[in-house]
Enquirer: 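Encoded as structure tokens, here's the structure I'll be asking about.
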Amino acid sequence: MADKQHLYLVDGSAYIFRAYHRLPPLTNPEGTPVGAVYGYTTMLWKLAEDLHTADGPTHLAVVLDKSSKSFRNDIYDQYKANRPEPPEDLRPQFPLIRDATRAFSLPLVEEPDVEADDMIASYARAAAAQGWDVTIVSSDKDLMQLVGPGKDGTGAIDMLDTMKNARIGVPEVEEKFGVAPELVGDVLALMGDSVDNIPGIFGVGPKTASKLIAEHGSLTAALDSAAEMKKSKLKERLIEHRADAELSRVLVTLKEDCPLPIPLEDMKLEGVPPGPLADFLTAHGFTSLLRRLDTGAGSPSRKTDLNPAKQENAGTKPAEAGTGNRQPLPDMPPVDRTAYTCVQTADVLQQWIDRAFAARLVAVDTETSALDAISADLVGVSLALGPNDACYIPLAHGGSDMFAERPEQIALDTTIAMLKPLLESDAVVKVGQNIKYDLNVLARHGIAVSPIEDTMILSFVLDAGRGTDGIGGGHGMDELSVRHLGHAPLAFKDVCGTGKKAIPFGEVPLDRATEYAAEDADVTWRLYKHLKPRLAIEGGTRVYERVDRPLIPVVARMEREGIKVDRAALSRLSEEFAAQIGTLEKQIHELAGEEFTVGSPKQLGDILFDKLGHKGGKKGKSGQYSTDQSVLERLAGDGAEIATKVLEWRQLSKLKSTYTDALQAAINPTTGRVHTSYSLVGAQTGRLSSTDPNLQNIPIRTAIGRQIREAFVPEEGNVLLAADYSQIELRLAAHMADVPALKEAFEAGEDIHARTAKEMYGEVTRDTRAAAKTINFAILYGISRWGLAGRLGIEPDEAQAMITRYFERFPGIQKYIAHTLESVRERGYSETLFGRKTWFPRIESKNQAERQGSERAAINAPIQGTSADIIKRAMARMMPALADAGLQNVRMLLQVHDELVFELPEGDVDAAKPVIERVMAEAALPSVKLSVPLGIEIGTGKSWDAAH
DNA sequence: AAGGTCACG
DNA sequence: GACGTACGTGACCTTG
């Protein structure tokens, strides 16, 4: 017994991911995020403490994943393809995990191109073979294959889940999988794994898989048995997807014969030398552990009989992570603009850069000559490392007056060369307020800023919709600063002025520019410290880490790509439209009997209803007649020619001013392309919005409008490819409200509006289908009898009867609406399938119109928002997926809510289509498994119009 | 700056 | 009995 050896193998990579998600977001004195490191340190501490206890380690090693590729990628290129990037504030912790391991003087196994699981398997088998017991510190189900009792000189292998403090032996594995550990691989091969992207057999989950393997004793036997099974979905699937299962079996097999870089004997645990450990604990401010090390109480370097669970620092217990127990904000001194530094020499800059590396977190802000990131020139950069600890680095000040003396500044290319390693370093988090802007500015100087955090996005994820009138719900820096820090920063117009007297930022004197620019970085740093801890507490981590933040560099790149428009074609259209508008205007004036401004709804209303005496004029609260499309169409239907002409005039004016004229003006003279700007916080539901110009509302519904789409073209030798989610919101409604009839229809690829018509009316005609389509959309938007009546041209009573019938046929919808509203009233917010919140502060308003408006928006938000989450996830995965497929020349250009537009070489179309389709169709996985398929429609052509 | 209108999903 | 009537956007025009 005394000489029984017991090897503990710590699955370090798996541990830190779990620790990251379960522990509060601690930071060390330098501001580095160290929550996962702290969890890891306490775990090693506990393990080391158990040295020589009955079941404790005599040998111990940590195994980490070194790279993401392994032999499995050679067999199956989709292996782990859905894996999201690690969260950005975890990335700088990876090197610290290694530091911690070294501080404990523990052996660290890290082999390139070998997965940690395989390394663990190889060590475990080698140790067991020479009679050692082995404990794998992990809860990874793949590793459960290794568990087994000791016998005939072979050691036992079990597992330890330190977070649940649970041993996993043969009985636990059998309970979980329903089979012995040797057969776990067979079960895994049948059920697949969406996180690692192991296919398994589609439609077979853990239960069916266990049952089949338990019954037949092996994967092959289970698959062979399909031939004799009764006809069923399962039978079909087993036969059809047999190859998937066999591939999966290979993928889940652990490689147990990897060469062992460190001999087993060298893993002997002899106690922990206190020196390096003390240094490490001090550096990261782990004071409670340091105290224990100093006093020797519970120190891992000597045996102890204290109960480790009882000495845990209260603030680190996972159970308390979500209950508001967070690291208190360090008291921040008030903003002091005189404390900022203007950096004018390379020596001083180098000091700031060195300090930023040490801090591992820096707030960054760029100042430019204009608002548009694609063409604006860089004027200066500011950095902040702490409250009032900020600087401004001017780069292009005083350039406009060639006779005046320019202030002392470091040369632009010198500064860029010095900043690049910092801004690109994996070990330093860069925080920005709308950092997409800075990404674009710096990308033009060859800097790919990473990893990043964004206070604007943080605010959006936490507080979308929270503002009400007078309080302000925006996510701009000035507003956030006032709301969260009680401080109004210098406004841009205070330093640059407004209107004609405005000067470019490069002309602002350096002292003033430093106050403004460094303050922005300072405030950003403070906002980050305030907002980031709220994420874990309020449940925003998943949306922020998995949806919105990964999207920032993706959207930035789309903005930089831009899209080509055919200027000559637009110019021709402008001329045509101008001529027709002129003709129409004359005719309208004749019909009116006088000249007036056709574009003035006020004048038009007076002409139509007072002068010409048309009936049915309705004045709104402004005392003005309404002359909108529906009113004019009614008049036109009654035979009023002037109404027809005005409608035509309006259509053409709209197309000319908003599109054919404006788009020509939007062509960037340098790139020759049109670069929109996407707002990631524009829509409360989580959708993007597009401005300057808005490329999300280019005409498509009329033939005349589609001519504008024809002007969006690819470069020579390329095509445009448009990929749409088909009926995504209705599909999501069918899933979320659990409507079997609709789900079946989508599964079978039916025409969903026709199916609705059949359910509602019993027969499908053009009219019933059209009505059904209207109702389907009405449902998504929150319905009222009057609204539906207006749309369908029927009486409110009839509309009510239709609504009632709809709810009878699809009772899930009514339940969904009721539950959604109930939950919003109770919690104040709605939630998407991915956990994105939208707040509805007026859901209980006493004002009925206001309240009902909130209710309709609240019914719609989870559906619209989930759709937005899904396409965002697809976008974040798209470029890596295309690159993996060897498609380097495909460019993603535009997003229009349920559509992505790409530009690619003609020869790449056949290869790109399936990749794009797969990424879009699988975008909800692995977080959310939908009960309806996501349909994708793809078209290509020599214009955006032709691609539809 | 606000209101009306209309382009899109 | 009044409120106003489908969700989410952005751009342009006129008017005050």
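Model, not experiment: these values are computed from the prediction.
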Enquirer: What nucleic acid atoms does A:I859 come within less than 4.0 Å of, heavy atoms only: base, sugar-phosphate, or nothing?
Expert: nothing

Enquirer: Using a strict 4.0 Å threshold on nitrogen-to-oxygen distance, state whether A:K436 and A:D454 make a salt bridge.
Expert: no

Enquirer: Could you state the atom-to-atom distance from CG of A:L655 to P of B:dC8 in whole Å?
Expert: 9 Å

Enquirer: Using a cut-off of 4.0 Å on non-hydrogen atoms, how would the nucleic acid contact of A:Q629 be classed: base, sugar-phosphate, or nothing?
Expert: sugar-phosphate

Enquirer: What is the nucleic acid contact for A:T676, judged by heavy atoms within less than 4.0 Å: base, sugar-phosphate only, or nothing?
Expert: nothing

Enquirer: When all nucleic acid strands are considered with a 4.0 Å heavy-atom cut-off, which category describes A:R791: base, sugar-phosphate, or nothing?
Expert: base

Enquirer: State, to 0.1 Å, how close A:H475 and A:S459 come at their nearest heavy-atom pair, and which atoms those are.
Expert: ND1-OG, 2.7 Å

Enquirer: Under 3.5 Å, is there any donor-acceptor pair linking the side chain of A:Q684 to the base of C:dG8?
Expert: no

Enquirer: Output yes when a side-chain donor or acceptor of A:R851 lies under 3.5 Å from a complementary backbone atom of A:E844, and no otherwise.
Expert: no

Enquirer: For C:dA2 versus B:dC6, give the span between their C1' atoms, rounded off to a whole number of Å.
Expert: 29 Å

Enquirer: For A:D661 and B:dA7, give me the distance from atom CG to atom P, rounded to whole Å.
Expert: 16 Å

Enquirer: Is there a donor and acceptor pair, one atom on the side chain of A:Q848 and one on the base of C:dC3, closer than 3.5 Å?
Expert: yes

Enquirer: Kindly say if A:R701 contacts the phosphate of B:dG9, meaning a side-chain N or O under 4.0 Å from OP1 or OP2.
Expert: yes

Enquirer: At less than 4.0 Å, is any side-chain N or O atom of A:Q603 found next to OP1 or OP2 of C:dT15? Yes or no.
Expert: yes

Enquirer: Just N and O in the side chain of A:R856: are any of them under 4.0 Å from OP1 or OP2 of C:dC7?
Expert: yes

Enquirer: Looking at every strand, decide which applies to A:T627 at a 4.0 Å heavy-atom threshold: base, sugar-phosphate, or nothing.
Expert: sugar-phosphate

Enquirer: Assign A:S653 to base, sugar-phosphate, or nothing according to its heavy-atom contacts below 4.0 angstrom with the strands shown.
Expert: nothing

Enquirer: Could you state the atom-to-atom distance from CG of A:D898 to P of C:dC7 in whole Å?
Expert: 19 Å

Enquirer: Just checking A:D692: base, sugar-phosphate only, or nothing, at a heavy-atom cut-off of under 4.0 Å?
Expert: sugar-phosphate

Enquirer: Using the P atom on both, measure C:dA6 against B:dG4 and round to a whole Å.
Expert: 15 Å

Enquirer: Which part of the nucleic acid does A:I700 contact within heavy-atom distance under 4.0 Å: base, sugar-phosphate only, or nothing?
Expert: sugar-phosphate

Enquirer: Does A:A789 reach a base, just sugar-phosphate, or nothing at all? Heavy atoms under 4.0 Å.
Expert: nothing

Enquirer: Picking from C:dA6, B:dC8, C:dA11, which would you name as closest to the side chain of A:P699?
Expert: B:dC8

Enquirer: Report the C-alpha distance between A:N776 and A:Y806 in whole Å, list the side-chain angles of each, state the deciding distance to 0.1 Å, and finish with yes or no for side chain to side chain donor-acceptor pair (under 3.5 Å).
Expert: CA-CA 9 Å; A:N776 275 332; A:Y806 193 94; 2.8 Å; yes

Enquirer: Can you tell me how far P in C:dT5 sits from the matching atom in B:dT5, rounded to whole Å?
Expert: 12 Å

Enquirer: Would you mind classifying the nucleic acid contact of A:N697 as base, sugar-phosphate or nothing, using non-hydrogen atoms under 4.0 angstrom?
Expert: base

Enquirer: Are A:K656 and A:E576 ion-paired here, with the side-chain N under 4.0 Å from a carboxylate O?
Expert: no

Enquirer: In whole Å, I'd like the distance from the CH2 atom of A:W649 to the C1' atom of C:dC12.
Expert: 11 Å

Enquirer: In whole angstroms, how far is the P atom of C:dC13 from the CD atom of A:E585?
Expert: 13 Å

Enquirer: Round to the nearest Å and state the distance from A:N847 atom CG to C:dC3 atom P.
Expert: 11 Å

Enquirer: Let's see if you can work this out: which of B:dG9, B:dG4, C:dT5 has an atom nearest to the side-chain heavy atoms of A:P601?
Expert: B:dG4

Enquirer: So does A:R572 pair up with A:E710, basic N to acidic O under 4.0 Å?
Expert: no

Enquirer: Any strand is fair game: report the nucleotide pairing with B:dG9 by Watson-Crick or G-U wobble, both distances under 3.5 Å, or none.
Expert: C:dC7

Enquirer: Please state whether the phosphate of C:dT5, meaning OP1 or OP2, lies under 4.0 angstrom from any side-chain nitrogen or oxygen of A:R785.
Expert: no

Enquirer: Determine which nucleotide pairs with B:dA1, using a 3.5 Å limit on both distances of a Watson-Crick or G-U wobble pair.
Expert: C:dT15

Enquirer: Would you mind telling me which of C:dA11, B:dG4, C:dC13 lies closest to the side-chain atoms of A:Q624?
Expert: B:dG4

Enquirer: Can you work out whether A:G682 or A:T597 has the more 5'-proximal nearest nucleotide on DNA chain C?
Expert: A:G682

Enquirer: Mind checking whether A:F807 and A:I779 have side chains closer than 4.5 Å, heavy atoms only?
Expert: yes

Enquirer: Please determine, by modelled atom types, if A:Q895 and A:Q696 share a side-chain donor-acceptor pair under 3.5 angstrom.
Expert: yes

Enquirer: Quickly work out the A:Q696 CD to B:dC8 P distance and round it to whole Å.
Expert: 13 Å

Enquirer: For A:Q852 and C:dC3, what is the distance between atoms CD and P respectively, to the nearest whole Å?
Expert: 14 Å

Enquirer: Tell me whether the OP1 or OP2 atom of C:dG10 has a side-chain N or O from A:T658 closer than 4.0 Å.
Expert: no

Enquirer: Just N and O in the side chain of A:S689: are any of them under 4.0 Å from OP1 or OP2 of C:dG10?
Expert: yes

